[in-house]
Amino acid sequence: MNLENIKKVDPAIAEYIEKELERQQTTIELIASENFTSKAVMEACGTVLTNKYAEGKPNKRYYNGCEQIDKIEALAQERAQKLFGMAHANVQPHSGAQANMAVFMAVLKPGDTVLSMDLSNGGHLSHGSPVNFSGMYFNVVSYGVDDNGSIDYENVRQLAVQNKPKLIICGASNYSKVIDFKKFREIADEVGAYLLADIAHIAGLIAGGVHPSPAGYAHFVTTTTHKTLRGPRGGITMCDEEYAQMIDKAVFPGMQGGPLEHIIAGKAIALLEASQPSFKEYAQNIVKNAKALAQGLLDNGMDIVGGMTENHLMTLDLRKTGKTGKDMANVLEEVGITANKNTVPNDPQSPFVTSGIRLGAAAVTTRGFDEAAMREVARIIATAIKNSDNESVLKQLKEDSLALCKKFPLYE
Ligand SMILES: *Cc1c(COP(=O)(O)O)cnc(C)c1O
């Protein structure tokens with residue numbers, strides 16, 4: 001990481017960036033929505049492209065001087081379309097939440113009904129939470145998961161028939177099972193709703209061929225680019241050709257001004273990387289590693305919502321330990337593991353305290369962790385939770401996790 005100029009101009013920021021690099025290198029990153037992007041992607045994000053205004057779309061801009069910008073954005077679009085098998089991609093949304101907002105703006109009017117997964121059951125804020133625009137201006141009906149942590153498709157169908165939503169959303173922030181896009185489309189067709197598949201979490205798995213694709217089923221597909229897809233922070237909204245104009249208009253001028261073309265260049269590079277054979281192997285390894293982590297935790301007597309995971313993440317269910325997600329996430333941080341507290345289905349604790357911890361394998365897989373390393377991570381987690389008051393045990397565990405980080409170096 002070259003910080004030469006930052007060091008000269010702003011030593012304080014340079015110091016914080018260097019310390020953040022050190023934190024990433026020396027801790028085990030299990031936050032399921034995070035990853036480590038490539039140096040090539042990071043380079044693109046720090047280029048002169050940040051200087052350019054390019055409102056509009058390739059070859060239809062409101063500003064002059066967009067010749068190179070047009071090529072970059074068109075390439076990013078093309079690569080997204082090809083990778084996900086969708087007719088149209090708008091690569092301008094600044095984030096996943098905005099990628100979703102574009103769909104809401106394109107097909108809904110305030111007050112229209114949306115059927116989506118409840119936030120405390122694994123859904124996302126931008127799918128209709130009352131504190132988000134999606135919940136403030138639309139009538140939201142929620143489905144959840146059953147006691148096995150799975151979507152009950154018959155329940156989704158009943159809710160759809162009863163409430164006649166205009167938009168059905170599938171795709172989640174915390175769901176460890178494969179999503180059946182075909183079933184969702186059948187339900188959408190039955191009630192005349194649009195189907196949005198928000199693949200923010202599983203985009204890399206879909207690109208790598210280890211999770212079924214929503215292409216051919218969903219009218220709209222949204223994603224973040226920074227989770228399993230391993231690109232820069234941002235969003236993409238994709239759709240069938242007939243909705244392309246509606247989506248483009250919703251993004252600009254509907255909800256955004258100038259696109260972040262330096263980030264779009266980073267997205268283009270990440271999409272290229274994700275189309276290569278090595279990425280298939282990466283995606284396969286993510287799932288193998290997640291399963292090894294889950295098995296290790298089960299073998300160490302821990303509970304996991306829904307049991308074995310089918311993708312890159314899982315939620316540790318702490319209810320029988322009598323400990324909370326909030327406290328145990330802090331204990332894990334003490335032993336060098338970063339993860340976030342999360343509600344479990346029917347959680348007796350508040351969303352701020354919770355009875356669960358969400359764990360994901362995408363980031364550690366990027367730095368080369370293998371199944372043996374994941375079993376060691378499982379041992380560290382289980383031992384830390386069982387000995388959360390024992391400082392000397394925790395100190396030893398911190399050494400153990402540092403040893404793993406040294407074995408699998410990052411950005412060296
Ligand atoms: C992360 C996520 C988003 C939002 O992404 P941001 O870039 O944080 O706005 C949207 N939908 C789902 C399902 C997500 O998991």
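Bear in mind the structure is a predicted one, so any value in this text is a computation, not a measurement. Because only heavy atoms are used, hydrogens play no part in the values below, and waters and symmetry mates are left out as well, while side chains stay in. Order of listing sets the numbers, starting from 1, for every ligand and every atom in it.
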Taking the six-membered ring of F36 as reference, does the cationic atom of R230 (NZ for Lys, CZ for Arg) lie under 6.0 Å from its centre and within 45° of its axis? no
Dump the pairs for me: ligand 1 N or O, protein N or O, distance under 3.5 Å, to 0.1 Å.
{"unit_1": "ligand 1", "atom_1": "7 (O)", "unit_2": "G96", "atom_2": "N", "d": "2.9"}
{"unit_1": "ligand 1", "atom_1": "9 (O)", "unit_2": "S95", "atom_2": "OG", "d": "3.3"}
{"unit_1": "ligand 1", "atom_1": "9 (O)", "unit_2": "G96", "atom_2": "N", "d": "3.3"}
{"unit_1": "ligand 1", "atom_1": "9 (O)", "unit_2": "A97", "atom_2": "N", "d": "2.8"}
{"unit_1": "ligand 1", "atom_1": "11 (N)", "unit_2": "D198", "atom_2": "OD2", "d": "2.5"}
{"unit_1": "ligand 1", "atom_1": "15 (O)", "unit_2": "S173", "atom_2": "OG", "d": "2.8"}
{"unit_1": "ligand 1", "atom_1": "15 (O)", "unit_2": "K227", "atom_2": "NZ", "d": "2.8"}

Taking 4.0 angstrom as the limit, do R61 and D70 come out as a salt bridge? yes
Would you mind telling me which of E29, E333, E34 makes a side chain to side chain contact (heavy atoms under 4.5 Å, CB included) with T338? E29
Verify whether one side chain among T354 and D347 offers a donor that lies under 3.5 Å from an acceptor in the other. no
Test of ring centre spacing under 6.0 Å for Y143 and F184: yes
How about Y243 and Y194: are their ring centroids closer than 6.0 Å? yes
